[in-house]
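Source: prediction; values computed, not measured. Note that the numbering runs from 1 along the sequence shown for the chain. The analysis underlying the following values was restricted to heavy atoms, covering all of them including side chains, and did not include hydrogens, waters or symmetry mates.
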Amino acid sequence: MTDLLTSPLHDRHVALGAKFAEFGGWSMPLEYPSGVVKEHTAVREAVGLFDVSHLGKVLVSGPGAADLVNATLSNDLGRVGHGKAQYTLCCDAETGGIVDDLIAYFHNDSHVLLVPNAANSAEVARRLQAVAPEGVTVRDHHREYVVLAVQGTRSDEVLEALGLPAGHDYMSFVEAQFRDVGGVVVCRTGYTGERGYELIAKNDIAGPLWDALMEAGAQHGMLACGLGARDTLRTEMGYPLHGQDISLDVTPNQAGLGWAVGWKKDAFWGKDVLAAERAAGPKRRLRGLVAVGRGIPRPGMGVTLVADVPLCDITSGTFSPTLKKGIGLALVPTFVDPDAELGVDVRGRREIFRSVKPPFVDTSVRES
């Protein structure tokens with residue numbers, strides 16, 4: 001993995017004994033010696049710290065920056081104000097398929113920071129650059145910023161110990177100063193389903209910020225968490241992962257992400273084809289599956305209505321540390337009863353799963 005990009009905190013992860021894996025061209029911590037289940041539980045019951053610096057950072061700036069984002073990406077920035085973040089989708093103009101799902105940080109009309117997935121950052125930037133009007137610049141700052149996620153019920157206490165803002169509204173962000181080291185954007189966002197924050201800062205303060213968070217979090221049971229726990233946490237919430245649950249072959253309607261589409265906007269990439277699909281009804285829909293027995297689904301395992309009647313494949317699947325059961329996501333044809341029991345081929349055995357609407361667990365992400 002010598003040709004992969006690394007986080008500015010790579011040496012700290014090595015010192016903690018992290019196991020690494022490739023994510024979108026980056027070598028990132030998969031888990032630490034504590035293990036995925038303990039890291040997962042720390043987030044659900046206390047607090048965890050993730051390095052997610054592999055995420056993209058695309059800055060759209062100049063007069064009309066917000067207008068460009070609003071005319072291309074799916075969601076409507078008019079629904080939120082300055083200082084708010086918004087989940088949105090970059091869709092293909094011709095097919096409506098999802099190029100990427102991302103967060104837009106709406107600083108002001110001339111400054112919108114987009115945080116795409118690592119593997120898609122360059123493509124999102126390329127598509128926006130191709131249509132950017134004169135005076136609006138789209139720059140990929142992928143390698144210049146660290147992104148840390150402080151997630152869990154004790155996340156406020158950790159930030160407050162560092163003098164950083166906490167307690168602001170869900171999907172809002174505040175620009176702050178971290179000691180005398182540098183600026184940090186504190187975002188009330190996350191990918192775990194728990195109360196938490198994501199911190200965006202220049203690489204040169206990554207080390208001091210990580211160290212301070214780890215020190216402040218020690219008394220609250222904080223663990224450093226890898227992307228393995230991030231995956232089990234997001235799967236319990238039914239949050240889709242690009243490249244598995246959503247892709248260029250999947251539309252927002254099929255993924256159950258119509259809520260992230262500004263249907264009343266004049267334009268966005270893929271509007272016509274998506275509106276037509278919405279009116280007709282999608283032929284498949286992302287659904288949750290919960291094991292009745294002990295089966296644990298994995299991506300690529302076949303899903304059947306009855307034996308020998310294949311429907312689709314599992315897109316995401318794991319053991320849920322919270323439920324102590326196997327859970328998964330699949331793009332199930334819409335002719336199937338939403339309450340039907342389905343079979344999953346788990347290593348040659350047909351295991352029975354209940355069809356449910358995610359999330360699989362209760363969420364405290366909007367906890368006041």
*Asks:* Does a donor on one side chain sit under 3.5 Å from an acceptor on the other, for Tyr105 and His111?
*Replies:*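 No - no donor-acceptor pair under 3.5 Å links their side chains.
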*Asks:* Using a distance-only test with no angle check, is there a side-chain donor-acceptor pair under 3.5 angstrom linking Thr137 and Ser61?
*Replies:*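 There is such a pair (donor and acceptor under 3.5 Å, judged by atom type) between the side chains of Thr137 and Ser61.
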*Asks:* Apply the test salt bridge (Lys or Arg N to Asp or Glu O under 4.0 Å) to residues Glu39 and Arg230: give CA-CA distance (whole Å), side-chain angles for both, the deciding distance (0.1 Å), then the verdict.
*Replies:* CA-CA 9 Å; Glu39 294 166 21; Arg230 183 174 163 90; over 6 Å; no
*Asks:* Scan residues 135-154 for pairs that pass salt bridge (Lys or Arg N to Asp or Glu O under 4.0 Å), counting only residues two or more places apart or in two chains.
*Replies:*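 Every salt bridge (Lys or Arg N to Asp or Glu O under 4.0 Å) pair that includes a residue of residues 135-154, provided the two are not neighbours, is Arg154-Glu157.
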*Asks:* So that I know where these two stand, are His10 and Phe20 an aromatic pair - ring centroids less than 6.0 Å apart?
*Replies:*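 Yes; Phe20 has its ring centre under 6.0 Å from that of His10.
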*Asks:* Is the CD atom of Gln177 crowded by more than 12 outside heavy atoms at less than 6.0 Å?
*Replies:*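 It does: Gln177 CD has more than 12 such atoms within range.
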*Asks:* Quick one: do the Arg350 and Thr304 side chains pair a donor with an acceptor below 3.5 Å?
*Replies:*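 A pair is found: one side chain offers a donor N or O, the other an acceptor, under 3.5 Å apart.
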*Asks:* Hey, could you give me the NE2/CG distance between His13 and Asp51, rounded to the nearest 0.5 Å?
*Replies:*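 It is 3.5 Å, given to the nearest 0.5 Å.
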*Asks:* Cut-off 3.5 Å, side chains only: do Tyr87 and Asn75 have a donor facing an acceptor?
*Replies:*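 Distance-only check fails for Tyr87 and Asn75.
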*Asks:* Is Leu233 linked to Leu329 within one hydrophobic cluster, defined over Ile, Leu, Val, Met, Phe, Trp and Tyr using a side-chain heavy-atom separation of less than 4.5 Å?
*Replies:*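 Yes; tracing contacts between hydrophobic side chains, which count when under 4.5 Å, links both residues.
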*Asks:* Check the hydrophobic clustering (I, L, V, M, F, W, Y; side-chain heavy atoms under 4.5 Å; chains of links allowed) and say if Val52 and Tyr145 are grouped together.
*Replies:*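 Same cluster: Val52 reaches Tyr145 through Ile, Leu, Val, Met, Phe, Trp or Tyr contacts under 4.5 Å.
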*Asks:* Checking side chain to side chain contact (heavy atoms under 4.5 Å, CB included) against Phe23, which of Asn117, Leu227, Leu55 comes through?
*Replies:*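 So, applying the side chain to side chain contact (heavy atoms under 4.5 Å, CB included) to Phe23 and each of Asn117, Leu227, Leu55, only Leu227 qualifies.
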*Asks:* For the side chain to side chain contact (heavy atoms under 4.5 Å, CB included) test, which of Met214, Gln219, Glu215, Met222 pairs with Val158?
*Replies:*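 Testing each of Met214, Gln219, Glu215, Met222 against Val158, the sole residue satisfying side chain to side chain contact (heavy atoms under 4.5 Å, CB included) is Met222.
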*Asks:* Would you compute the distance between atom CD of Glu194 and atom CD of Gln151 and round it to the nearest 0.5 angstrom?
*Replies:*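 Nearest 0.5 Å value for the CD-CD distance: 8.5 Å.
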*Asks:* Does CG in Asp308 sit with more than 12 non-hydrogen atoms of other residues, nucleotides or ligands closer than 6.0 Å?
*Replies:*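 It does not: Asp308 CG has 12 such atoms or fewer within range.
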*Asks:* Report the residues that fulfil side-chain hydrogen bond (donor to acceptor under 3.5 Å, both in side chains) with Arg294, sequence neighbours left out, ordered by chain and then residue number.
*Replies:*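 If we apply the side-chain hydrogen bond (donor to acceptor under 3.5 Å, both in side chains) test to Arg294, skipping adjacent residues, there are no hits.
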*Asks:* Is the closest basic N to carboxylate O distance between Asp266 and Lys271 below 4.0 Å?
*Replies:*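 A salt bridge is absent here (no side-chain N lies under 4.0 Å from a carboxylate O).
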*Asks:* Hey, is NZ on Lys265 packed in by over 12 heavy atoms from elsewhere, all under 6.0 Å?
*Replies:*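 Check passes, neighbour count above 12.
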*Asks:* Please determine if Arg354 and Glu341 form a salt bridge, counting it only when a charged side-chain N lies under 4.0 Å from a carboxylate O.
*Replies:*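 Between Glu341 and Arg354 there is no salt bridge, as every charged N stays at least 4.0 Å from the carboxylate O atoms.
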*Asks:* Does a donor on one side chain and an acceptor on the other come within less than 3.5 Å for Arg298 and Ser316?
*Replies:*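 The criterion, which ignores hydrogens and geometry beyond distance, is not satisfied for Ser316 and Arg298.
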*Asks:* Can you find a side-chain donor-acceptor pair between His40 and Thr322 that sits under 3.5 Å?
*Replies:*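 Yes, Thr322 and His40 have a side-chain donor paired with an acceptor closer than 3.5 Å.
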*Asks:* Given the rule that I, L, V, M, F, W and Y join up when any side-chain heavy atoms are under 4.5 Å apart, are Met28 and Phe50 in one cluster?
*Replies:*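 As far as the 4.5 Å side-chain criterion goes, Phe50 and Met28 are connected within one cluster.
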*Asks:* May I ask you to check whether Tyr197 and Asp156 show a side-chain donor-acceptor distance below 3.5 Å?
*Replies:*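 Looking only at side-chain atoms, Asp156 and Tyr197 do form a donor-acceptor pair, the distance falling under 3.5 Å.
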*Asks:* Could you check whether His107 and Phe173 have their ring centres less than 6.0 Å apart?
*Replies:*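 That pair passes the under 6.0 Å test.
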*Asks:* Give a yes or no on this: more than 12 heavy atoms of other residues, nucleotides or ligands lie within 6.0 Å of atom NZ of Lys202.
*Replies:*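 12 or below, so no.
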*Asks:* Going by distance alone, is a donor N or O of one side chain under 3.5 Å from an acceptor N or O of the other, for Glu277 and Thr251?
*Replies:*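 There is such a pair (donor and acceptor under 3.5 Å, judged by atom type) between the side chains of Glu277 and Thr251.
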